[in-house]
> 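Encoded as C-alpha cells, here's the structure I'll be asking about.
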Amino acid sequence: MKVLIVLTSHDELGDTGRKTGFWLEELAAPYYRFKQAGAQIVLSSPQGGRPPLDPKSNEPDFQTDQTRRFEADPEATRALANTVRLDSISVSDFDAVFYPGGHGPLWDLAEDTVSARLIETALRSGKPVGLVCHAPGVLRHTVNDDGTALVSGRKVTGFTNSEEEAVQLSNIVPFLVEDELTRLGGVYSKTDDWQPYVVQDGLLITGQNPASSASAADALMELAGKGEGERAPRGV
C-alpha cells in the first residue's frame with residue numbers, strides 16, 4: 001500500500017509578520033498510523049523540499065509522543081526535508097491521499113489547481129482521500145464531473161469557527177473552514193472544540209482538529225485496505 005501525504009509550502013500568517021505552515025501533530029500521528037499499517041509513504045508539497053512547520057505546533061504545550069518520535073526519527077525527518085513537488089505526482093501511483101492541516105494550506109493548497117485535480121482524480125479512481133483540521137478547506141475549488149462543488153451534499157467536518165476564534169485568527173485567515181464548507185453545500189457537522197471528530201462520506205474522510213488526526217488516518221487505512229468493489233467512488 002502506498003500513501004501520499006500532501007503538505008503546505010506557505011509560511012506567512014497573512015500580514016501579521018508571523019510564521020505558519022503545517023501542524024506537526026497532524027503529520028506525525030497519521031505518519032505512524034500509516035507506518036503501522038505497513039504503508040509506503042511519500043511526502044509532497046507544492047514547492048517541494050522542506051515544507052514550513054508552524055512554529056506554534058512545536059511548542060511544549062502542543063508536543064505529543066508522536067511529534068517527539070517524528071523529530072527523533074531519521075527516516076521521517078529526511079523525508080520531510082525532501083518532499084516531492086506536487087506537480088510531479090501521479091495519483092495512479094498511490095492507494096490513498098492524506099492532507100495534514102495547519103493554517104498554511106488555506107493560502108496555497110486551497111487555491112492550487114494541481115491539488116484540486118489530484119483530489120478529484122483520486123476519488124474518481126476509487127481511492128480514499130483524508131483531510132484534517134484546516135485541510136478540508138483545500139476542497140473549496142474541487143468539483144464533481146458536472147461542475148458542482150465536490151463537497152455539496154457530502155458529510156464533512158473541519159476546523160470550527162469557534163476553534164478559530166479561540167486561537168484569535170478569525171480575522172487573519174483568508175476564509176473560515178466551517179463557513180466555506182457550509183457555503184459550498186457541505187453537510188457540515190462538528191463536536192465540542194478540540195475533541196476528536198471524524199466524518200466519512202464515501203471515500204472522503206475529514207477530521208475536525210489536531211486531536212482527530214490519528215482517527216482520520218485509521219479511517220483512511222481501513223478504506224484503502226478494502227477491495228475495489230467495497231470502496232466504489234460516490235458521485236464524483
Side-chain angles (χ1 to χ4, degrees), residues 3 5-8 20 22-34 36-37 54 56-57 61-67 70 96-106 109-110 119 122-123 127-140 142 149-170 173 175-226 231 234:
V3 179
I5 297 179
V6 183
L7 296 156
T8 181
T20 190
F22 72 91
W23 196 262
L24 184 54
E25 181 182 3
E26 297 169 24
L27 168 62
Y31 179 90
Y32 289 111
R33 285 296 211 270
F34 300 150
Q36 183 178 337
D54 186 320
K56 195 168 186 65
S57 73
D61 286 349
F62 299 108
Q63 290 176 346
T64 67
D65 288 345
Q66 300 297 357
T67 64
F70 190 94
V97 181
F98 188 82
Y99 282 70
H103 285 88
L106 299 186
L109 288 169
I119 292 169
L123 293 173
K127 299 176 181 184
V129 177
L131 312 96
V132 71
C133 198
H134 287 87
V138 173
L139 297 169
R140 73 186 313 215
T142 56
L150 189 146
V151 302
S152 180
R154 290 177 183 265
K155 293 178 287 187
V156 289
T157 190
F159 206 59
T160 68
N161 290 352
S162 53
E163 286 169 329
E164 200 71 82
E165 186 65 32
V167 298
Q168 300 181 333
L169 292 175
S170 298
V173 293
F175 62 92
L176 295 170
V177 174
E178 177 180 344
D179 284 355
E180 186 68 2
L181 293 174
T182 302
R183 182 188 71 81
L184 292 167
V187 183
Y188 180 90
S189 62
K190 58 187 175 182
T191 190
D192 294 338
D193 289 357
W194 316 117
Q195 297 304 304
Y197 186 64
V198 174
V199 171
Q200 180 179 332
D201 190 315
L203 296 172
L204 184 65
I205 297 161
T206 48
Q208 180 176 314
N209 47 35
S212 311
S213 302
S215 298
D218 288 342
L220 188 74
M221 284 294 89
E222 184 178 352
L223 271 182
K226 290 182 176 179
R231 51 182 173 86
R234 168 192 177 276

> Determine whether a donor-acceptor pair (N or O, by modelled atom type, separation under 3.5 Å) exists between the side chain of Asn209 and the backbone of Gln195.
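Yes; judged by distance alone, with no hydrogens or angles, the pair exists.
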> Which value, rounded to the nearest 0.5 Å, describes the distance between Phe70 atom CZ and Leu27 atom CG?
4.0 Å
> Could you report the tightest heavy-atom contact between Ala96 and Ala224, atom names first, then the distance?
CB-CB, 4.1 Å
> Apply side-chain contact (heavy atoms from CB on, under 4.5 Å) to Val129 and Ile205, showing your working.
CA-CA 6 Å; Val129 177; Ile205 297 161; over 6 Å; no
> Do we see a donor-acceptor contact under 3.5 Å between the side chains of Glu163 and His134?
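On atom types as modelled, these side chains do not qualify, holding no pair under 3.5 Å.
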> Can you find a heavy atom in the side chain of Arg154 that is under 4.5 Å from one in the side chain of Val187?
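No. Closest side-chain heavy atoms not under 4.5 Å.
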> With respect to Val199, which candidate in Lys155, Gln208, Lys190 satisfies the side-chain contact (heavy atoms from CB on, under 4.5 Å) definition?
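Output: one option passes, namely Lys155.
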> Which atom names give the shortest non-hydrogen contact between Gly101 and Glu26, and what distance separates them?
N-OE1, 2.6 Å
> Does any part of the side chain of Tyr99, heavy atoms only, come nearer than 4.5 Å to the side chain of Val132, both counted from C-beta?
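The answer is no, as the side chains (C-beta and beyond) never meet within the 4.5 Å cut-off.
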> What heavy-atom pair brings Phe98 and Ala216 nearest, and what distance separates the two atoms?
CE1-CB, 4.2 Å
> Knowing that exactly one of Tyr197, Trp194, Trp23 qualifies, which makes a ring pair (Phe, Tyr, Trp, His ring centres under 6.0 Å) with Phe159?
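It is Trp194, the one option of Tyr197, Trp194, Trp23 that forms the ring pair (Phe, Tyr, Trp, His ring centres under 6.0 Å) with Phe159.
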> For the side chain of Ser57 and the backbone of Asp54, is there at least one donor-acceptor N/O pair under 3.5 Å apart?
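Judged by distance alone, yes, a pair lies under 3.5 Å.
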> Quick one: pull up CG in Leu220 and OG in Ser215 and give me the separation to the nearest 0.5 Å.
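If I round to the nearest 0.5 Å, the distance is 12.5 Å.
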> Is Ser152 reaching over with its side chain to a backbone N or O of Gly186, donor-acceptor style, under 3.5 angstrom?
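Side chain of Ser152 to backbone of Gly186: no pair is present.
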> Taking side chain as C-beta onward, heavy atoms only, is Tyr188 less than 4.5 Å from Thr160?
yes
> Would you check if Arg140 and Leu181 make a side-chain contact, meaning some heavy-atom pair closer than 4.5 Å?
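A side-chain contact under 4.5 Å is absent here.
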> Just wondering, do Leu184 and Leu150 contact through their side chains at under 4.5 Å, heavy atoms?
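The answer is no, as the side chains (C-beta and beyond) never meet within the 4.5 Å cut-off.
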> Between the main-chain N or O of Ala29 and the side-chain N or O of Arg33, is there a donor-acceptor pair closer than 3.5 Å?
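No; judged by distance alone, with no hydrogens or angles, the pair does not exist.
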> At what distance, to the nearest 0.5 angstrom, does NE2 of His103 lie from OG1 of Thr8?
11.5 Å
> Mind checking whether Thr157 and Thr191 have side chains closer than 4.5 Å, heavy atoms only?
no
> Taking all non-hydrogen atoms of both residues, which atom of Pro210 and which atom of Cys133 are closest, and how far apart?
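For Pro210 and Cys133, the tightest heavy-atom pair comes out as CD-SG, 3.6 Å.
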> Is it the case that Glu25 and Gln63 place a side-chain donor and acceptor less than 3.5 Å from each other?
no
> Kindly say whether Pro196 contributes a backbone atom to a donor-acceptor pair with the side chain of Ser212 at under 3.5 angstrom?
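Checked: no pair found.
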> If every non-hydrogen atom of Thr64 is compared with every non-hydrogen atom of Thr67, which pair is closest and at what distance?
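Scanning both residues completely, I find the closest heavy atoms to be N-OG1, 2.8 Å.
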> Please evaluate residues Ile119 and Val97 with respect to the criterion side-chain contact (heavy atoms from CB on, under 4.5 Å), reporting the C-alpha separation (whole Å), side-chain torsions for both, the decisive distance (0.1 Å), and the verdict.
CA-CA 8 Å; Ile119 292 169; Val97 181; 5.6 Å; no
> How close do Gly158 and Pro136 get, counting heavy atoms only, and between which atoms?
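What the structure gives for the nearest pair is CA-CG, 4.0 Å.
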> Taking the side chain as every heavy atom from C-beta outward, state whether Leu109 and Val6 have any atom pair closer than 4.5 Å.
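In contact.
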> Checking the side chain of Glu178 only, and the main-chain atoms of Asn161 only, is there a donor and an acceptor separated by less than 3.5 Å?
yes
> Report the C-alpha distance between Gln200 and Leu223 in whole Å, list the side-chain angles of each, state the deciding distance to 0.1 Å, and finish with yes or no for side-chain contact (heavy atoms from CB on, under 4.5 Å).
CA-CA 10 Å; Gln200 180 179 332; Leu223 271 182; 3.6 Å; yes
> CG of Leu123 to OG1 of Thr142: how many Å apart, nearest 0.5 Å?
8.0 Å
> Let's go through Val156 and Asp201 carefully: what are the C-alpha distance in whole Å and the side-chain angles of both, what is the deciding distance for side-chain contact (heavy atoms from CB on, under 4.5 Å) to 0.1 Å, and is it a yes or a no?
CA-CA 7 Å; Val156 289; Asp201 190 315; over 6 Å; no
> Supply the atom-to-atom distance Glu164 CD to Ser170 OG, rounded to the nearest 0.5 angstrom.
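Those atoms lie 5.5 Å apart.
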